[in-house]
Structure formats: structure tokens, C-alpha cells
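Right, one structure below, let's go through it.
Quick caveat: nothing in here was measured; it's all calculated off a predicted structure. Each chain gets a letter, A, B and so on, in the order its sequence line appears, and its residues count up from 1.
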Amino acid sequence: MPDNISSPKKSKNFIYEIIDEDLKTNKWSGRVHTRFPPEPNGYLHIGHAKSICLNYGIAKDYNGKFNLRFDDTNPTKEEKEYVDSIIEDVKWLGADFEDRVLYASDYFEQMYDYAVQLIKKGKAYVDDLDNETMREYRGTVTQPGKESPFRNRTVEENLYLFERMRNGEFNDGEKVLRAKIDMSSPNMLLRDPVMYRIIHASHHRTGNEWCIYPTYDWAHGLEDSIEGITHSICTLEFEVHRPLYDWFLDQLEIYHPQQIEFARLNLSYTVMSKRKLLELVEKRIVDGWDDPRMPTISGFRRRGYTPESIWNFSELVGVAKRDALTDISLLEYAIREDLNKNAQRVMAVINPIKVVITNYPEGQTEFLEAVNNPEKPESGKRQITFSREVFIEKDDFMENPPKGYHRLVPGGEVRLKYAYIIKCEEIIKDNSGNIIELRCTYDPETRSGGPSTKKVKGTIHWVNSKDSLDAQVRLYDRLFTIENPGAEENWLDYINPYSLKIINNAKVEPFLKSVKPLDKFQFERLGYFCLDYKYSNENNLVFNRTVTLKDSWNAKK
RNA sequence: UGCCGGAUCGUCUAACGGUAGGACAGCGGCCUUUGGAGCCGUAUGUAGAGGUUCGAAUCCUCUUCCGGCAGCCA
């Protein structure tokens, strides 16, 4: 985790308890070595972030090591672009893998040798059954399978055939190498699982060097073993794979890490499977993997989330073995907490309406002081300007206000933050009855910081019409309309059509003239925003709303 | 229907035979030049039935419900 956040007090989850016990019994000679092993077939999402935080957090807490390892065993699904994005995301999160960016593909030769060993022990064989027949032979969850007619080939024949597989003498699907275990095992994974399949495809790292590729079950334990991993932490769906993980390593009699499973993260109102995320990207429902509505790490980054907030969130959700659906509000809490403490405050009006202060001298401009961050006095103050015409938020005026409305109303008073108390004297409407301008008067005695003790119920934000900048603002809402879209067959039917709202005529204070991509701000009373790196440029400011402020008034209505 | 897991406030998560606690969300109040933040207060939970025990969320039995496994994906 980044050094600037303190290691949070974690109530020990069950994995920490296992490690504590291992340390006590000296099972791994005092070592702790974890890894994060993504397949480079997509961008990382917040669920991966939880795993990264868990694995790296363990390494850090126990003075151990943490590897980033690409499980690149299937060239048909993997791409260099994904490798690059994953490295970027893991680095951004601050999980320090030092110089250990590792690849399963670097172990292909060694894995091949191990496979030869298994064949020689009579524990693996080349099978000619085609895909469909093999499935039939596997049986079902309630019925045992039956053995392949090729199961009892001699060691010599298997060795010969396996070498020919490697040499490219067969077509895709023509032959596989299988472990010889038990076709009637109640655990389907143990019914002679495939170790190698023939794929004549170019691999993003090994090119055409190989045409046989190891399967997950064969490869993963070997990768962990080769790297000296102590605790191989994965998600619950691999629980039934553990006996197989153990079987391979036991047969080979090589270094044997311990696989531990935990429940993957699910977040409400979004989907988390790579397949579904890919579909959202390919169908252009979102604007790429880093669309700010995506639950990807790059999406959250572009949205304005900080690594610290994701770390904190990851601590808050905890680690256990039961399936869970975590409410998105917990993530929002984590980012608000961070940004409240750290974000520069600034005034911006998203939905402007012009206010003319009729008793304020024309042509006059005065300077006022605004606080940069009330949570951080050391961040100081800045100057803002005030003059006769300002913009306020349309929502901050109501002609016929409901009970409890604290803002500007006809004949009522409200404070313009850091400036004066104004009173609404007149409403100007166009021909169709839309309010286009408010005429107000100000009370010169009430300048902010002055001696006046006059109090009003409401304080609203504003910008000076003279020097405000135009900006585009992008407001995001949840991508789906239901809590758990991933559980639905027709999950795409639940896309929220209003998940992105683009506002083009926002006005922001000139302080935002020279901001950099991803710079983070609180627009007072509106929420946290950051500069979008994709659409923002010199002449066109574009801000993404990271999250709203909590709004107890809106919530009440 | 076979095997493997799992079930604690609305949500997430603690409690390891000895007062069911925390966080988020909610509600109420105080405070406030952000209806933000902060502070204070508050409601809500051990899936069910038996058993062991002085004492059970925790151990045992049965039941119910949920998840995973029948890719040459990971």
C-alpha cells in the first residue's frame, strides 16, 4: 500500500490467522510470499483490486514478498494491451512487486519437463478423444465417467506422441495430454483433467515457439511452486480445484504452496465479470474500459477515485468465505472520506441562472477571500472576484418553495458564500414563462468576514459572470437499475439509460484555468470532480463528477 | 440427484464455549458562511428444530436455503 496511508488496524481475517499459525509452526521457514496472478485478457476491476490489496497487504504486513505474475497460458484470449494496462493499474494502486513482473510463459519449458516426468511415472497420457466424446466420457455430476480407450498407452508411446504434439505434427483439438487420476471421482476436476491442448496460435510473448499450451490446473500450481509462493490466494470458485492443485505437486514431489480461497467482491448496481465488462466495451454501451462508469480500476481512476480510497474500501469490505454483495455506498464513503480531507474547494455553477445585483455599482469589481479547504487550514486561501452580475444554481431559487427550503425565494434573503447577503426583488421570465434572470439587491454591511452579525438560513455558491470559465461537466449515475444485474440472464436489459448526463454550459471560477488531468476538486455543495484526461483540452474544460456530496435535504424529499 | 463450500443487524464484517461488537446505510439531535464535514444519540441481527453444557453464534444431530463443479477458459 502507498506509504502515505497508515497501515489500518485490521481485525484479523481467517487468512491472517492461517499465516500466524504457519509462522508459529515454522511451516515456511518464516517466509511469506504472495502473488497476484491475472490472465491478461481484460482490464482489472475493483474485484482484482481487493485481491491485490489482500495479497500485497499480507506481504507488507509480514515483511514478505509479492509477485505480479501473468497467467498467460491461453494465447487466443490474451493481448499485450492488457498486460500493459494491468501493470499500470497495479502500480497505480501502489502494490510494490519490485522487479518481479513474471510470466507463466517463461516457465513453459519447465512445465513441459514436468509433464514428461508425469508421463514417465504413468500418471499422464495422450488422448485422441475429440472434445465432444471426451465430454460424454466424463460423465455427469451424479454419474461416474468412463475411461478413454487411449488411457492405457505405454509410457513410450505417450512420450513419443507428446513430443510430436509439441513439434506441431497435429492439428488443434486432435490430441491432448491428460492426467491419469480417476474417471469416477466425485470431484469432476479429478476425472483425468486436460494438462495440455494444441493451439496453433501466436502468443503475445512466445510467438510461435509453442503450439501446445498448459491448462490452468496444470500450470497454476507449478507457477506458484517455481516462484516459491507460500500462500496461493484465490477466489472461492477454485475451491474444488484445490485437490487437483495438490495432486499435481504431490505427484511431482516438488515445493508445494498452500492454496487458500476467499469470497470474491461483488458490488451492487454493477457487473464484475470480465466477459460482461468486455461486452459493455464491445457493444459501445460504455466509452471503453476506462469509462468512468465502469467498475474497472482505470474507470475509477478516470472517475477521480484515489488509490488510498480503494485501499480503504478494500479494508472495509473485509475478507471471508461467504458470498457477498457489497453496497456501492461503502465505496462512495471511502472516496468521500479521502476527498473531503484533501480536495481543493472551488465554486462552480452547473446549471446557471443570471443574478443582477441592482444596487451594486456597475463596472465595480472587488476581491474576496475563499477558503481552499476547511479541513486543511494550511492549504490557505485564494482570491475570488465579485461584481454586479453573478451566476447561481437554478436549483437554488424557487418561486414556490416547499417547507424547509433554505435557499433563495421571492423577497427572501440568502448568503452568497464568501460575499454578501442578497435579497430577491424581481423575477424576469421569457415569453414562455421560464425564469431567465433574477434581480436582487445586496446588503453592503454583510460582506463576508465583516462585523455584521446578520444571519440567514442558506448559503449558496456562485460564480462571477465577468471572469467565470465555461466548462463541460459529466455527471454519472449507477450503470444498472437493479442491485445485482450480474445475476440476471438478460442483464443488459437493466442498463440505466441516465447513467451519464453531459452538461455543457457550466460556469466555473477562474482558479480552474490551469488544472491538470485527474486534478481533484470539490465543487462546493455539488460534489467532487476531476479533470477528464480524455476529453479535456486547452479550450475545453471537461470535469467528471466522482461522487456527490451527501445531501440530507435531497434525501428528505 | 453426487461432491465441495457457506449461512450473524438493510449491507459488509467481528466475536475461536463466558456481556453479540464495529463500519456503511438509516433515523433523531447539536453545530455550521458547503442542507458538506464534525460531534452526540438511537433502532435493527446469530436460518430452523433438537441435543451436549452451569453457560452455545461457536460443539454434535437433523432440516432448510444459498453458492461452486459436467471448457481442450481462468
What does A/Val176 touch in the nucleic acid at a heavy-atom separation under 4.0 angstrom: a base, only the sugar-phosphate, or nothing?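 Answer is base: heavy atoms of A/Val176 come under 4.0 Å of a base.
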
Looking at every strand, decide which applies to A/Gly527 at a 4.0 Å heavy-atom threshold: base, sugar-phosphate, or nothing.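 Nothing, no nucleic acid heavy atom in range.
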
Can you tabulate the close N/O pairs, meaning under 3.5 Å, that link protein atoms to atoms of nucleotides 2-8 of chain B?
residue: B/G2; atom: N9; partner: A/Val141; partner atom: O; Å: 3.4
residue: B/G2; atom: N3; partner: A/Val141; partner atom: O; Å: 3.0
residue: B/G5; atom: O2'; partner: A/Glu239; partner atom: OE1; Å: 3.1
residue: B/G5; atom: O2'; partner: A/Glu239; partner atom: OE2; Å: 3.3
residue: B/U8; atom: O4; partner: A/Arg322; partner atom: NH2; Å: 3.4

Look for any protein N or O under 3.5 Å of an N or O in nucleotides 45-48 of chain B and output each such pair with its distance, or none.
none

Rounding to an integer number of angstrom, what distance separates B/A56 and B/A15 when you compare their C1' atoms?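 To the nearest whole Å, 13 Å.
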
Whole-Å distance separating the CZ atom of A/Arg525 from the P atom of B/A37: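 The distance from CZ of A/Arg525 to P of B/A37 comes to 14 Å, rounded to the nearest Å.
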
Spacing of A/Leu265 atom CG relative to B/U11 atom P, expressed in whole Å: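 Between P of B/U11 and CG of A/Leu265: 16 Å.
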
Tell me, which of residues 212-221 of chain A have any heavy atom that sits under 4.0 Å from an atom in RNA chain B?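 Residues of residues 212-221 of chain A that come under 4.0 Å of RNA chain B are, in numerical order, A/Pro214, A/Thr215, A/Tyr216.
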
Check ring pair (Phe, Tyr, Trp, His ring centres under 6.0 Å) between A/Phe313 and all other residues, then give those that pass, not counting sequence neighbours.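 Listed in chain order: nothing, the list is empty.
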
How should the glycosidic conformation of B/G41 be described, syn or anti, under the criterion that syn lies within 90° of 0?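 Classified anti.
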
Qualifying residue, where the test is side chain to side chain donor-acceptor pair (under 3.5 Å) with A/Ser148 and the options are A/Asp192, A/Thr133, A/Asp127: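 Testing each of A/Asp192, A/Thr133, A/Asp127 against A/Ser148, the sole residue satisfying side chain to side chain donor-acceptor pair (under 3.5 Å) is A/Asp127.
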
How does RNA chain B look in dot-bracket notation if pairs are Watson-Crick or G-U with both distances under 3.5 Å, crossing ones as [ ], other-strand ones as |? .((((((..((((....[..)))).(((((.......)))))....(((((..]....))))))))))).....

Please produce a list of atom pairs where a protein N or O lies less than 3.5 Å from an N or O of nucleotides 17-20 of chain B.
none

